[in-house]
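Remember, it's 1-based here, ligands and their atoms both numbered in the order they're listed. For the numbers below, each heavy atom of this structure counts, side chains included, while hydrogens, waters and symmetry mates do not.
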Amino acid sequence: MEKVSDIFGSMVFNDAVMKERLPKQTYRALRESIETNKDLTMDVANVIAAEMKNWAIENGATHFAHWFLPLSGVNAEKHDAFISPVGDGTIIMDFSGKDLIKGEPDGSSFPSGGIRATFEARGYTNWDPTSYAFIKEKTLCIPTAFAAYGGEALDQKTPLLRSMDEINKQAMRIMKIFGMDDVKKVITSVGAEQEYFLVDKETYLKRPDLIYTGRTLFGAKPPKRQELDDHYFGAINPRVKEFMEDIDVELWKLGIPVKTEHNEVAPAQHEMAPIYSETNVALDQNQLSMELLRKIARRHDMVCLLHEKPFAGVNGSGKHVNWSISTDTGMNLLDPGDNPKKNMMFMLMLIAVIQAVDDYQDLLRCAVASAGNDHRLGGNEAPPAIISVFLGDEIGFVVDKIIAGEEIHMDKEGLFDLGANVLPSFKKDTTDRNRTSPFAFTGNKFEFRMPGSEQSIGDICCVLNTIVAESLEQYADRLESTTDLAGDLRKLTKDVLTKHQRIIYNGDNYTEEWVALAEKRGLLNLTSTAEAVTQSLNKKNIELYKKHGIFTETEVRARFEVQLENYGKMINIEALTMIDMARKFIAPAVSAYSADLADTAISKKELGVNANAEISALSRISDLAEVLGQKINLLEEAVIKAGEYEPVEAATFFHDSVIPKMNELRVVADELETLTCKEYWPFPSYGDLLSSVQS
Ligand code: ADP
Ligand code: MG
């Protein structure tokens with residue numbers, strides 16, 4: 001293998017490459033445009049484009065594409081060849097500044113929640129120069145933001161960029177108040193831990209449910225699940241190891257600083273975590289990682305399942321979003337630090353997050369709502385649908401003291417220090433980590449554990465940035481004219497913590513007691529997507545988005561519609577797939593096996609042999625087969641009825657009336673699986689799937 005340092009970023013037109021290849025002036029103009037958010041002039045864009053093209057061709061590219069993240073959740077790219085005819089039958093390789101900066105994909109094939117109907121059919125992609133261009137499969141990919149003709153965001157990137165600007169703006173006011181004049185920019189960083197399953201491709205191809213929906217819609221629990229678990233605790237098997245080595249190299253080439261590792265939670269489940277980066281880059285990199293996980297698994301005759309819950313009764317997959325906020329001078333503002341000034345800043349950021357999470361529980365919940373994630377949240381393997389903040393014993397103790405108005409003293413280790421600035425200093429490492437908390441402070445960052453494995457982190461990070469920006473704005477308003485920063489900050493801290501202490505919970509989030517306590521505290525418990533998504537339309541949320549320039553009301557409503565529509569579409573596909581599998585495969589298989597049993601029973605009887613085993617099995621299977629037929633019909637009726645509703649109402653109907661019928665059908669089919677001879681069963685079992693890569 002080549003050296004990692006040679007491979008890393010070799011397919012990226014990154015800062016080092018630009019610095020080396022672009023004329024000094026051009027490079028400087030680009031940097032300035034990035035730092036000040038100003039548009040590039042076409043002259044500069046032309047020079048960058050020409051050099052980008054040369055570099056891409058040298059590295060084997062033949063095409064270019066604007067790469068963007070529409071609301072369908074799937075990465076989109078429209079390929080164009082570099083070639084341009086010159087009129088004498090020959091071509092030149094052409095790529096202009098205009099090609100680089102703006103693209104016009106066929107907007108109508110992407111979800112817009114009605115935005116295009118009311119405005120214009122066209123959509124534009126705009127280069128995001130803060131995320132580097134890269135080469136993927138001979139195509140120069142240019143990361144872009146996708147918006148409608150009128151400027152409305154149609155993607156995951158646009159609002160995220162807006163939210164990054166906004167939190168920078170508000171946090172910079174705080175920097176001023178603290179006299180941190182050397183800071184030019186405040187950024188938010190994210191490291192997204194990605195979980196996934198691997199199954200053998202041949203086995204996968206025998207499961208229409210996995211093919212069409214990404215999860216198993218049928219499947220009896222394997223009798224030996226525990227043993228299977230043990231099996232997987234051991235060393236990584238060679239096939240998975242080869243895959244991981246491959247994915248590492250491919251991601252490194254794209255400049256994604258990933259370290260893969262085995263995951264011990266469920267059989268066939270693994271996890272990958274990159275080193276954190278700025279939120280928009282983290283978004284692009286996570287989207288690319290998911291794309292490559294899928295592609296590279298195929299190369300190894302495996303299939304990577306990114307669905308939140310591929311197997312009922314087996315742990316699902318999440319995507320932990322580790323979030324922090326820091327300065328361009330390299331100071332992590334969520335790092336408790338070792339001196340009183342850093343401490344004050346830390347405390348301010350901590351309360352800003354606590355307040356934000358409490359005030360906008362609904363938005364956070366909404367951002368992680370999807371048909372797939374509904375199976376995880378509250379399933380006693382992932383955080384519940386109730387949002388709360390874990391601070392750990394150390395900080396939790398200090399918070400309690402602050403609320404009670406007590407003095408805090410420093411111990412010998414320098415744990416807590418009221419000092420001159422009257423705010424405590426903390427030991428940096430809070431080792432006590434509560435894995436059941438949906439939103440945990442883990443030393444110098446927050447870890448949001450509710451996001452599902454398949455979800456884009458775009459909206460999630462946008463919500464985080466925006467709601468914290470709102471807290472910071474309120475604090476800046478209050479502190480800007482202060483003459484006693486330490487004193488006013490102390491008051492602010494006490495006020496905020498007192499008001500928002502209900503959101504802090506350091507106990508076990510998986511217990512019934514917590515659900516009851518949370519209800520008493522008035523915390524939201526939105527158990528389904530249909531319920532959660534509606535919250536985005538709350539007046540306070542629309543106001544928040546408008547005020548910070550993240551979304552217009554039109555955009556909020558459009559996203560609301562898209563999210564519910566995606567949900568309904570997914571359940572609809574699942575229901576139809578179930579009907580198809582049950583009717584065309586399961587019922588006939590059961591019937592064939594019954595015929596075999598009946599034949600055997602008749603033959604045995606003719607011979608005067610005891611045929612009771614066959615007869616009783618036949619009788620039980622036949623009764624269930626009748627119920628199966630009924631359940632198929634009931635589900636079908638429900639699906640037809642769902643089709644009569646508008647997408648938004650349909651979501652509720654799918655949740656209340658279609659899903660229960662899917663569950664009922666599954667129960668019967670799964671029982672039949674346990675009663676039917678394996679040779680007759682038309683699909684690989686859970687055991688087959690979960691051990692398919694191992695064998
Ligand atoms: P674990 O959660 O497994 O103990 P870490 O907490 O070290 O591991 O890292 C998990 C993820 O958090 C990684 O993707 C890492 O890059 C990211 N991370 C670490 N520090 C920060 C930070 N300050 N801001 C954002 N993400 C971070
Ligand atoms: Mg972690």
Please confirm whether the backbone N or O of Gly191 pairs with a side-chain atom of Asn322, one donor and one acceptor, at under 3.5 Å? yes
Which bit of Asn332 gets closer than 4.0 Å to ligand 1, counting heavy atoms only: side chain, backbone, both or neither?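 Side chain only.
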Applying a 4.0 Å heavy-atom criterion (strictly less than), which segment of Glu193 is in contact with ligand 1: side chain, backbone, both, or neither?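 Side chain only.
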In ligand 1, which numbered atoms sit nearer than 4.0 Å to a non-hydrogen atom of Ser324?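 Ligand 1 atoms under the 4.0 Å threshold to Ser324: 22 (C), 23 (N), 24 (N), 25 (C).
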With a cut-off of 4.0 Å, which atoms of ligand 1 are near a heavy atom of Ser189?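 Under 4.0 Å from Ser189, ligand 1 has these atoms: 25 (C).
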Heavy-atom nearest neighbour of [atom] within options [options]:
atom: atom 11 (C) of ligand 1; options: Thr188, Asn322, Ile275; result: Asn322
atom: atom 6 (O) of ligand 1; options: Gln194, Lys445, Glu447, Arg449; result: Lys445
atom: atom 13 (C) of ligand 1; options: Pro274, Gly191, Ala440; result: Pro274

Is Thr442 near ligand 1, meaning one of its heavy atoms is under 4.0 Å from it?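 In this structure, Thr442 fails to qualify as a contact of ligand 1 - no heavy atom is under 4.0 Å.
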Set of side-chain contact (heavy atoms from CB on, under 4.5 Å) partners for Asp155, sequence neighbours left out: Ala145, Phe146, Ala153, Lys157, Thr158, Pro159
Other residues, nucleotides and ligands only: do more than 12 of their heavy atoms fall within 6.0 Å of NZ on Lys547?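 Enclosed.
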Asp358 meets the salt bridge (charged side-chain N to carboxylate O under 4.0 Å, His left out) criterion, sequence neighbours left out, with Arg502
Would you confirm whether the ring centroid of Phe441 sits within less than 6.0 angstrom of the ring centroid of Phe446?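 Yes, the ring of Phe446 comes within the 6.0 Å limit of the ring of Phe441, centre to centre.
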Considering non-hydrogen atoms only, spot the tightest contact between Ile395 and Leu350 and give its length.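 It is CG2-CD2, 3.8 Å.
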